[in-house]
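Data block below; observations after.
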Amino acid sequence: MRWSEYFIPTLKESPQDAEIISHNYMIRAGLIYKLSSGLYNYLPLGLRVIQKVEKIIREEMSRKGAIELLMPILQPKDVWQKSGRYDVMSHIMLKARDREDREFILGPTHEEIITDLVAHKIDSYRSLPKNFYQIQAKFRDEIRPRFGVIRAREFIMKDGYSFSMTREDNEKIYQAMHDAYSAIFRRCGLKCMVIEADTGVMGGKKSHEFTATAESGEDTIVSCPSCGYAANRELAKRKLKEKSILGIKQYPVAEIHTPGLKRVEELCQFFDCEADRFIKTLIYRGKDNFYAVLIRGDLDVNENKLKSVLKDEDLVLAEPKEIKKVTGADLGYSGPVRLKNIPIIADLSVKDMVNAITGANKNDMHYKYVNIGRDFVVYDWLDIGFPQEGDLCPKCSTELEFSKGIEVGQIFELGTKYSARLSAVIQNEKGEDVPMIMGCYGIGVSRTVAAVIEQNSDEKGIIWPIEVAPFQVIVIPLDKGQCLEVAEKIYGQLCADKIETLLDDRDERAGFKFADADLIGIPIKIIIGKKVLQEGNVEIKIRRTARSAAVNPDNVLKEVKQIILADFEDLSNEKFAHMECRQVFQRIQDGETKQIKPE
RNA sequence: CGGGGCGUAGCGCAGUCCGGAUAGCGCACUUGAAUGGGGUUCAAGUGGUCGGUGGUUCGAAUCCACUCGCCCCGACCA
């Protein structure tokens, strides 16, 4: 491709609304252009990268026997009502009516559609298992789109759905997808953590998240450096460091007048102490009864964990009126002491608290010097908080580490939630109708591109890993005349050999071209300048290492192929095991060939 | 949805508080000249319904009301 005939609108200045590196570079390198909040044009260069990621996905998916199809973006409302998700996901769905006033939504995902399809077209267990996928645009009316394509409203997603007769088959596909995802992200040049994840509105039993580590990530990952336990902070279990409370003197309970003071923050000031001296008491309303939930004052209750340990999906914080009824006092004065007829559940963080401060279940009153056992009894000790710095691994008690990441993929074991509701049933060997067992597997394609940039860039711009680079090579003539002639020749050779090459044929100065080439991140530069050419050479320069070497123009094709192969090998060992290539790559990396400008 | 901010040329911004004449600056773009291996220099240009509507006023980018859009923090999030 000739730059002058192509379309790469680069920007020298940073756009005002780009908060993170990938967003900034995607705009500046001319990959995307915003149409409206959360809606992006993919410009030619950006599209090429998207297509590279899609190609990798298709290869790895079909390697595992998955079948590609394509479903509509516009979906009739009634399918969603059948699954029960029309209401649950209502807030992210864009709704529309056609000319006959029929109701539709723009698909935020496709479980319902594929299940409907399979329900109609697969009627024997002999046809199972099947694993379908598509790559297509999704629309989710995000509450707050941000970070460019990382949280966009319209985005490109690969979504896959498997249908099995048996748990074993389902488990096999889950594992196959797990493996496929690892390969996909590795080939994209992404460092990922695979972590235990929450199933959210998808429902289902088991889920793993593939999270690309990035400072700018929205997800917090908790991991154990010792045993490898890793989970989303929303889900992560924890142990707490044990503190000995032996020998600490317990004072008698004292009632303190605390007029109008309800929030922990205010109470800290009043008592002149840290938040961790308080036992926060929250009243929750469950399906059948109320719970008093205790947690240390500086921590928050993880409601997902609470729901799951109490096996009560309907759990919500009680209304002020209900609190008054249950505790006898207004919101803000609840406490465990003399709290009757309600189970007291406590987070592990409360266990070693001595002489704590709690509400007194009387308005404007708190207790000081409250002690467990003596002043109240806990019905059950549970892990219902979020892990904090210093907390320990639930499995091996090593101190947990925290990192940030971008969720690029997630896989779920769905069970029979959708198949049962949408009648995707088959007859088993005994002639009984049973719902199919499902799994679902998603990759945020556009988001993956952003994650790759988050992990692969420097102050000059993007540094594409070879497999997702929009072009592998950029040929840069620094002058007209002979330089351009040689450049054209090399460009022709590379193209003829199916190496994706960009020829910067613009009449611009050297620095300008270099800066653009670095910004758009092409891995290999072929630089043709007068001086080097007089010595009969051109220059090959690697974007990532900034190392360069002079080579004879006739050898450029050979060298480039070897660099590319070596790079591929780096990303995907099993695929390209060419020792020779590695050696040549090493030679260029080490600068063993003639150096123009040693770094 | 709550809180905050912004909207002036393709991009980044000044001007708005305190109303006044052809609405400025940098980058980009066009033309010319010099230059030619890491974002050159000089000169001359193109380009703006000041987000929109209504109002106040002799006069509105500027004041008022409404409205649309965008961004940030929070709530939310496969």
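First the proteins, then the strands, lettered A, B, ... as listed; each starts at 1.
Taking the side chain to side chain contact (heavy atoms under 4.5 Å, CB included) definition, one finds that A/P553 meets it with A/V486, A/I490, A/V538, sequence neighbours left out. By the side chain to side chain donor-acceptor pair (under 3.5 Å) test, A/D179 is found to be paired with A/Q175, residues two or more places apart in sequence or in another chain being considered. Contacts of A/D516 classified as salt bridge (charged side-chain N to carboxylate O under 4.0 Å, His left out), with partners at least two apart in sequence or in another chain: A/K12, A/R506. Residues forming a salt bridge (charged side-chain N to carboxylate O under 4.0 Å, His left out) with A/R509 (at least two apart in sequence, or on another chain): none. Residues meeting the side chain to side chain donor-acceptor pair (under 3.5 Å) test with A/Y284, sequence neighbours left out: A/E303.
Each of A/L31, A/I462, A/L45 was scored for a side-chain contact (heavy atoms from CB on, under 4.5 Å) with A/I520, with one residue passing: A/L45.
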Using the 3.5 Å cut-off, write out each protein N or O paired with an N or O of nucleotides 44-51 of chain B and the distance between them.
none

All N/O pairs under 3.5 Å across the protein-nucleotides 30-35 of chain B interface:
| from | atom 1 | to | atom 2 | distance (Å) |
| --- | --- | --- | --- | --- |
| B/U35 | O2 | A/R509 | NH1 | 2.4 |

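Base pairing annotation: B/G74 forms a Watson-Crick or G-U wobble pair with B/C1, both donor-acceptor distances under 3.5 Å. Pairing for B/U40 goes to B/A34, judged as Watson-Crick or G-U wobble with the two contacts each under 3.5 Å.
Contacts between residues 29-37 of chain A and RNA chain B, defined by a heavy-atom separation below 4.0 Å, involve A/K34, A/S36, A/S37, listed by number. Within residues 11-22 of chain A, the residues that have a heavy atom under 4.0 Å from RNA chain B are, in order of number, A/K12, A/E13, A/S14, A/Q16, A/D17, A/E19.
Looking at A/Q134 and A/H110, their side chains do bring a donor and an acceptor atom within 3.5 Å of each other. For A/R544 and A/N456, the side-chain atoms include at least one donor-acceptor pair closer than 3.5 Å.
The P atoms of B/U8 and B/G15 are separated by 14 Å, rounded to the nearest whole Å. Only the C1' atoms considered, B/C66 is 30 Å distant from B/C76, to the nearest whole Å. Atom name C1', nucleotides B/A75 and B/C1: the rounded distance is 8 Å, in whole Å. A distance of about 26 Å separates the C1' atoms of B/U40 and B/G24, rounded to the whole Å.
Taking atom CG of residue A/D516 and atom P of nucleotide B/U40, one finds them 11 Å apart after rounding to whole Å. A straight line from CD1 of A/I8 to C1' of B/C11 spans 18 Å, rounded to a whole angstrom. In this structure, the CZ atom of A/R153 is 15 Å from the C1' atom of B/C76, given to the nearest Å.
Annotation: side-chain hydrogen bond (donor to acceptor under 3.5 Å, both in side chains) contacts involving residues 26-35 of chain A, sequence neighbours excluded, comprise A/D17-A/K34.
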Show which side-chain atoms of residues 447-454 of chain A pair as donor or acceptor with protein atoms under 3.5 Å away, not counting sequence neighbours.
| from | atom 1 | to | atom 2 | distance (Å) |
| --- | --- | --- | --- | --- |
| A/R447 | NE | A/I150 | O | 2.9 |
| A/R447 | NH1 | A/E407 | O | 2.8 |
| A/R447 | NH2 | A/I150 | O | 2.9 |
| A/T448 | OG1 | A/G444 | O | 2.6 |
| A/E454 | OE1 | A/S216 | OG | 2.8 |
| A/E454 | OE2 | A/S22 | N | 2.8 |
| A/E454 | OE2 | A/S22 | OG | 2.7 |

What pairs of donor and acceptor atoms, side-chain ones from residues 525-532 of chain A against any protein atom, are under 3.5 angstrom apart with sequence neighbours left out?
| from | atom 1 | to | atom 2 | distance (Å) |
| --- | --- | --- | --- | --- |
| A/K525 | NZ | A/D518 | OD1 | 2.5 |
| A/K530 | NZ | A/D479 | OD2 | 3.0 |

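Here A/D219 lies out of heavy-atom contact (under 4.0 Å) with every strand.
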